[in-house]
S.K.: 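Sharing a structure, written as structure tokens. Questions coming.
Since the structure is predicted, the reported quantities are computational estimates derived from the model, not experimental observations.
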Amino acid sequence: MMGEMAKFLSVAGRATVAKFLDPIGAWLFRIGISPNAVTVLGTGAIVAGSVVFVARGQLLIGLIVITLAAFTDLIDGAMARARGYASRFGALLDSTMDRIADGAVFAATAYWLAISGATTTAAAALACLVFAQVISYIKSRAESLGARCDVGLAERAERLIVLGVGGLLEIFHVPYGLAAAIWVLAVVSLFTIGQRMWHVRQQLTDGAT
């Protein structure tokens with residue numbers, strides 16, 4: 001099930017959704033809104049949802065706000081298609097905003113867990129935050145060195161899905177549901193770092209240590 005949801009949010013999944021979002025993107029572009037403005041607005045909404053709601057333990061409304069705001073990541077792509085090209089700065093801005101959004105979600109979750117007394121799980125959430133940034137950095141650095149790095153068990157979509165599922169379990173009062181999701185995510189994220197490093201090493205070396 002998680003794999004299917006991740007596929008929906010992946011590049012392939014976005015192509016399936018594009019036919020529904022392209023008209024919205026085209027309309028926004030026609031009225032003079034830029035894709036970059038939508039990217040920044042979506043990130044601002046995610047940060048606000050994280051700080052105002054998640055950090056205060058209001059997980060349901062926080063999850064709704066963050067989920068709706070995340071769709072701007074698809075809408076700005078639809079707007080770029082309506083414009084006929086994607087700018088290089090837009091790609092940089094999109095990646096930067098993704099890192100900010102992810103950091104806000106995990107930091108807010110860690111803060112709420114810490115003030116709720118679940119300090120160990122809060123530490124695991126902070127580890128997830130750090131691992132997420134490292135996972136993204138490895139791909140960026142690898143590509144700058146001429147290598148491809150499209151592998152990873154816990155890519156961005158999977159990380160957000162697992163955390164979202166954990167949030168739902170917490171909302172429905174499933175014992176240890178959120179904690180289990182965060183700990184699983186921390187372990188899988190650490191594995192993904194090793195997976196990406198190994199994959200890039202195979203491309204950049206001839207097998208010599």
S.K.: With a 4.5 Å limit on heavy-atom distance, are the side chains of T121 and Y176 in contact?
M.R.: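 The answer is no, as the side chains (C-beta and beyond) never meet within the 4.5 Å cut-off.
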S.K.: Side-chain contact, heavy-atom cut-off 4.5 Å: C128 with R159?
M.R.: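 No, every pair of side-chain atoms sits at 4.5 Å or beyond.
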S.K.: Do L68 and V105 belong to the same hydrophobic cluster, where Ile, Leu, Val, Met, Phe, Trp and Tyr are linked whenever their side-chain heavy atoms lie under 4.5 Å apart, directly or via other members?
M.R.: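 Yes: a chain of side-chain contacts under 4.5 Å links L68 to V105.
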S.K.: Would a single hydrophobic cluster contain both I100 and F89, if residues Ile, Leu, Val, Met, Phe, Trp and Tyr are joined by side-chain heavy-atom contacts under 4.5 Å?
M.R.: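 Result: yes, single cluster for both.
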S.K.: Check A101 against R156 and note the closest heavy-atom contact, atom names and distance.
M.R.: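 Scanning both residues, the minimum pair turns out to be CB-NH2, 4.0 Å.
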S.K.: Specify the closest pair of heavy atoms between T43 and M97, including all atoms of both residues, with the distance to one decimal.
M.R.: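 So the two residues come closest at OG1-CB, 2.9 Å.
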S.K.: Can you find a heavy atom in the side chain of T192 that is under 4.5 Å from one in the side chain of L153?
M.R.: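 Yes, at least one pair of side-chain atoms sits under 4.5 Å.
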S.K.: Is the number of heavy atoms from other residues, nucleotides or ligands within 6.0 Å of OH (Y111) greater than 12?
M.R.: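 It does not: Y111 OH has 12 such atoms or fewer within range.
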S.K.: Any heavy-atom pair between the side chains of V174 and L168 that's under 4.5 Å?
M.R.: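 With C-beta onward as the side chain, the pair stays apart.
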S.K.: Using every non-hydrogen atom in the two residues, find where V51 and A55 come nearest and quote the distance to one decimal.
M.R.: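 What the structure gives for the nearest pair is O-CB, 3.4 Å.
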S.K.: Please determine whether residues W112 and I64 belong to a single hydrophobic cluster, defined as Ile, Leu, Val, Met, Phe, Trp and Tyr linked transitively by side-chain heavy-atom distances below 4.5 Å.
M.R.: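 Same cluster.
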S.K.: List the steps and the verdict of side-chain contact (heavy atoms from CB on, under 4.5 Å) for L160 and D102.
M.R.: CA-CA 8 Å; L160 294 178; D102 291 357; 4.0 Å; yes
S.K.: Would you kindly confirm whether L113 and I171 end up in one hydrophobic cluster when ILVMFWY residues are joined by side chain heavy atoms under 4.5 Å apart?
M.R.: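 Yes, L113 and I171 fall within the same hydrophobic cluster.
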S.K.: From L178 CG over to W183 CH2, what is the distance, rounded to the nearest 0.5 angstrom?
M.R.: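 The CH2 atom of W183 is 12.5 Å from CG of L178, to the nearest 0.5 Å.
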S.K.: With distance as the sole criterion, is a donor-acceptor pair present between the side chains of H199 and Q203 under 3.5 Å?
M.R.: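 H199 vs Q203: donor-acceptor pair found between side chains.
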S.K.: Can you tell me how far OG of S140 sits from CG of L145, rounded to the nearest 0.5 angstrom?
M.R.: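 Here the interatomic distance stands at 9.5 Å.
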S.K.: For A122 and A110, which heavy atoms make the closest approach, and how far apart are they?
M.R.: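 Where A122 meets A110 most closely, the heavy atoms are CB-O, 3.4 Å.
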S.K.: Side chain of T72, backbone of A69: donor and acceptor closer than 3.5 Å?
M.R.: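 Looks like yes, one N/O pair under 3.5 Å.
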S.K.: Any side-chain heavy atom of K139 within less than 4.5 Å of one from V200?
M.R.: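 They are not in side-chain contact.
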S.K.: Between Q133 and G103, which heavy-atom pair has the shortest distance, and what is it?
M.R.: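 It is NE2-N, 4.2 Å.
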S.K.: Looking only at heavy atoms, which two atoms of I138 and C149 are closest? And how far apart?
M.R.: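 For I138 and C149, the tightest heavy-atom pair comes out as CG2-SG, 4.2 Å.
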S.K.: I135 and L190: same hydrophobic cluster, using ILVMFWY side-chain contacts below 4.5 Å?
M.R.: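 Looking at the clustering, L190 is in the same group as I135.
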S.K.: Tell me, with the steps shown, if V162 and V188 meet side-chain contact (heavy atoms from CB on, under 4.5 Å).
M.R.: CA-CA 11 Å; V162 171; V188 175; over 6 Å; no
S.K.: Share the residues that join F53 in a hydrophobic cluster, the rule being Ile, Leu, Val, Met, Phe, Trp or Tyr side chains under 4.5 Å apart at the heavy-atom level.
M.R.: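 Its cluster mates, by chain and number, are V52, I61, V65.
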S.K.: Using 0.5 Å steps for rounding, measure from the CG atom of L41 to the CG atom of N36.
M.R.: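 Result: 12.5 Å between the selected atoms.
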S.K.: To the nearest 0.5 angstrom, please state how far the OG1 atom of T39 sits from the CG atom of L93.
M.R.: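 Between T39 OG1 and L93 CG, I get 5.5 Å after rounding to 0.5 Å.
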S.K.: Got a second to check how far R141's CZ is from M197's CE, nearest 0.5 Å?
M.R.: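 So the gap between those two atoms works out to 11.0 Å.
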S.K.: Would you say V54 and L59 make side-chain contact, with heavy atoms under 4.5 Å?
M.R.: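 Touching, per the 4.5 Å side-chain cut-off.
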S.K.: Would you call I182 and L163 a side-chain contact if the rule is heavy atoms closer than 4.5 Å?
M.R.: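 Yes, side chains in contact.
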